[in-house]
Protein chains: 2
Amino acid sequence: MRKGVLELCILAIIARNEEVYASNILEQLKDAKLIVVEGTLYPLLTRLKNEGLLSYRWEESKSGPPRKYYKTTCLGERLLNELTTGWQELVDAVDKLMSENYNQKEQ
Amino acid sequence: MRKGVLELCILAIIARNEEVYASNILEQLKDAKLIVVEGTLYPLLTRLKNEGLLSYRWEESKSGPPRKYYKTTCLGERLLNELTTGWQELVDAVDKLMSENYNQKEQ
DNA sequence: TTTAGTACCTTGTATCACATAGTACTAAAT
DNA sequence: ATTTAGTACTATGTGATACAAGGTACTAAA
């Protein structure tokens with residue numbers, strides 16, 4: 001049932017950009033009305049990196065501390081595809097359930 | 001982010017039937033390709049009942065132990081509406097994120 | 001040298017959903 | 001008559017998810 005929606009969103013955001021850093025991802029999530037807090041995102045990024053789904057490089061910034069620029073690995077792309085399919089299936093299933101107006105009584 | 005999808009599905013199933021009991025709900029979830037196990041459903045039903053979202057009555061069965069027939073309360077209907085809206089918003093947000101092909105670099 | 005802004009990290013906690021095991025009732029099989 | 005199978009509900013323990021809250025560290029402006 002649990003489908004890792006947030007994981008999907010984050011992989012999608014990273015995949016569609018050349019490279020992004022965490023605060024950047026937070027902004028893009030916010031733009032899409034998906035509110036996520038730092039305490040959720042950072043551990044998740046670390047997990048995805050440890051699982052080989054993401055890679056990153058450090059880059060100095062002129063306006064603050066250095067940033068970790070993430071991009072998806074080959075494995076990450078593959079998971080993104082799988083999660084996308086799973087998400088679509090969930091949406092279809094719930095939509096089906098919600099649209100049916102069946103009135104089953106005793107069988 | 002957390003949207004209680006399963007809660008939504010179960011409320012929807014109970015609302016669209018006159019009355020249903022747990023095993024019945026499991027079947028309908030299965031029909032919709034939403035696989036859920038007993039150990040997930042029963043505690044959730046109890047929680048929803050304790051929160052005043054569901055009510056039930058016992059009914060004897062000729063083919064086994066007695067059944068708890070659930071139906072939604074007024075409060076349950078209201079939550080169903082809210083969860084439905086929330087779900088639709090989540091689907092829209094994710095779809096938007098997935099369909100956009102924007103390629104933002106350094107800003 | 002303090003304050004504000006940006007960026008990353010950690011710890012603790014609540015909730016969700018599963019796995020597993022158990023109780024209790026009826027009906028059919030031995 | 002007692003065991004076995006099927007149905008239905010319940011309880012306990014566990015892992016994963018996401019949040020709250022607080023902390024570190026860098027730069028630039030007041």
Side-chain angles (χ1 to χ4, degrees), chain A residues 1-11 14 19-30 33-51 53-70 79 83 86-87 90 93-94 106-107, chain B residues 1-11 14 19-30 33-51 53-70 79 83 86-87 90 93-94 106-107:
Chain A
M1 190 68 195
R2 174 164 299 281
K3 293 286 175 178
V5 183
L6 183 54
E7 202 173 311
L8 166 63
C9 293
I10 289 169
L11 279 173
I14 299 177
E19 283 187 311
V20 271
Y21 59 100
S23 303
N24 211 315
I25 296 171
L26 281 176
E27 274 172 40
Q28 294 188 35
L29 284 169
K30 200 175 168 186
K33 313 275 187 221
L34 293 165
I35 305 306
V36 173
V37 295
E38 286 189 318
T40 300
L41 183 60
Y42 283 103
L44 182 49
L45 287 174
T46 303
R47 204 197 82 211
L48 295 176
K49 182 252 157 191
N50 287 338
E51 287 171 359
L53 304 164
L54 300 177
S55 65
Y56 69 79
R57 62 180 179 79
W58 282 104
E59 188 171 299
E60 301 299 317
S61 164
K62 287 159 219 146
S63 60
R67 301 164 174 175
K68 271 185 178 175
Y69 280 85
Y70 287 93
L79 182 66
L83 289 178
W87 168 250
L90 178 64
V94 175
E106 211 62 28
Q107 69 280 60
Chain B
M1 192 68 196
R2 173 166 299 281
K3 293 285 175 177
V5 184
L6 184 53
E7 203 172 310
L8 166 63
C9 293
I10 288 168
L11 279 173
I14 298 177
E19 284 186 312
V20 271
Y21 60 100
S23 302
N24 210 315
I25 296 172
L26 282 176
E27 274 172 41
Q28 294 188 36
L29 284 169
K30 200 174 168 189
K33 313 277 187 221
L34 293 165
I35 305 306
V36 173
V37 294
E38 286 189 315
T40 300
L41 182 61
Y42 284 103
L44 182 48
L45 288 174
T46 303
R47 204 197 83 212
L48 296 176
K49 183 250 156 189
N50 288 338
E51 287 171 359
L53 304 165
L54 300 178
S55 64
Y56 70 79
R57 61 177 181 80
W58 281 104
E59 188 172 300
E60 301 299 316
S61 164
K62 286 161 220 147
S63 60
R67 299 164 175 174
K68 273 185 177 175
Y69 279 87
Y70 287 93
L79 181 67
L83 289 178
W87 168 250
L90 177 65
V94 175
E106 212 62 28
Q107 70 279 59

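Labels below follow one simple rule: chain letters A, B, ... track the order of the sequence lines, proteins then strands, and each chain is numbered from 1.
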So which of B:Val36, B:Ile10, B:Leu54, B:Ile25 actually passes side chain to side chain contact (heavy atoms under 4.5 Å, CB included) with B:Leu44?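 Among the candidates, only B:Ile10 passes.
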Check whether any side-chain N or O of [X] sits under 4.0 Å from OP1 or OP2 of [N], and answer yes or no.
| X | N | result |
| --- | --- | --- |
| B:Tyr42 | D:dT10 | no |
| B:Ser23 | D:dC9 | yes |
| B:Lys68 | D:dT10 | yes |

Classify A:Thr40 by what it touches in the nucleic acid, base, sugar-phosphate, or nothing, heavy-atom distance under 4.0 Å.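 Base contact.
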Need one value for A:Pro66: base, sugar-phosphate or nothing, where a base atom within 4.0 Å counts as base even if backbone is also close, heavy atoms only.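 A:Pro66: backbone/sugar contact only, no base atoms under 4.0 Å.
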What base-paired stems does DNA chain D take part in, with at least 3 consecutive Watson-Crick or G-U wobble pairs and both distances under 3.5 Å?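 Looking at DNA chain D, the stems formed by three or more consecutive pairs are C:1-30 with D:1-30.
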Rounded interatomic separation in angstrom, taking [atom1] from [X] and [atom2] from [N]:
| X | N | atom1 | atom2 | result |
| --- | --- | --- | --- | --- |
| B:Ile35 | C:dA17 | CD1 | P | 15 Å |
| B:Ile25 | D:dT7 | CD1 | P | 17 Å |
| B:Glu38 | D:dG6 | CD | C1' | 12 Å |
| B:Glu60 | D:dC9 | CD | P | 12 Å |
| A:Tyr21 | C:dC8 | OH | P | 7 Å |
| A:Arg47 | C:dC9 | CZ | P | 16 Å |
| B:Glu59 | D:dT7 | CD | C1' | 15 Å |
| B:Leu44 | D:dA11 | CG | P | 15 Å |

Shortest non-hydrogen separation from [X] to [Y] and the atoms involved:
| X | Y | answer |
| --- | --- | --- |
| B:Ser61 | B:Pro65 | CB-O, 3.6 Å |
| A:Ala22 | A:Leu41 | O-CD2, 3.4 Å |
| A:Leu83 | A:Gly4 | CD1-O, 4.4 Å |

Taking the side chain as every heavy atom from C-beta outward, state whether A:Glu7 and A:Leu79 have any pair of such atoms under 4.5 Å apart.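 Yes; the side chains approach each other to less than 4.5 Å.
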Nearest listed nucleotide, side chain of B:Trp58, among C:dT10, C:dC18, D:dC9: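 Nucleotide nearest to B:Trp58's side chain: D:dC9.
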I'd like to check the side chain to side chain donor-acceptor pair (under 3.5 Å) partners of A:Glu51; sequence neighbours left out, ordered by chain and number. A:Arg47
Nearest heavy atom decides the nucleotide; on that basis, is A:Ala22 or B:Leu41 closer to the 5' end of DNA chain C? A:Ala22
Is it true that A:Tyr69 and A:Tyr56 have ring centroids separated by less than 6.0 Å? no
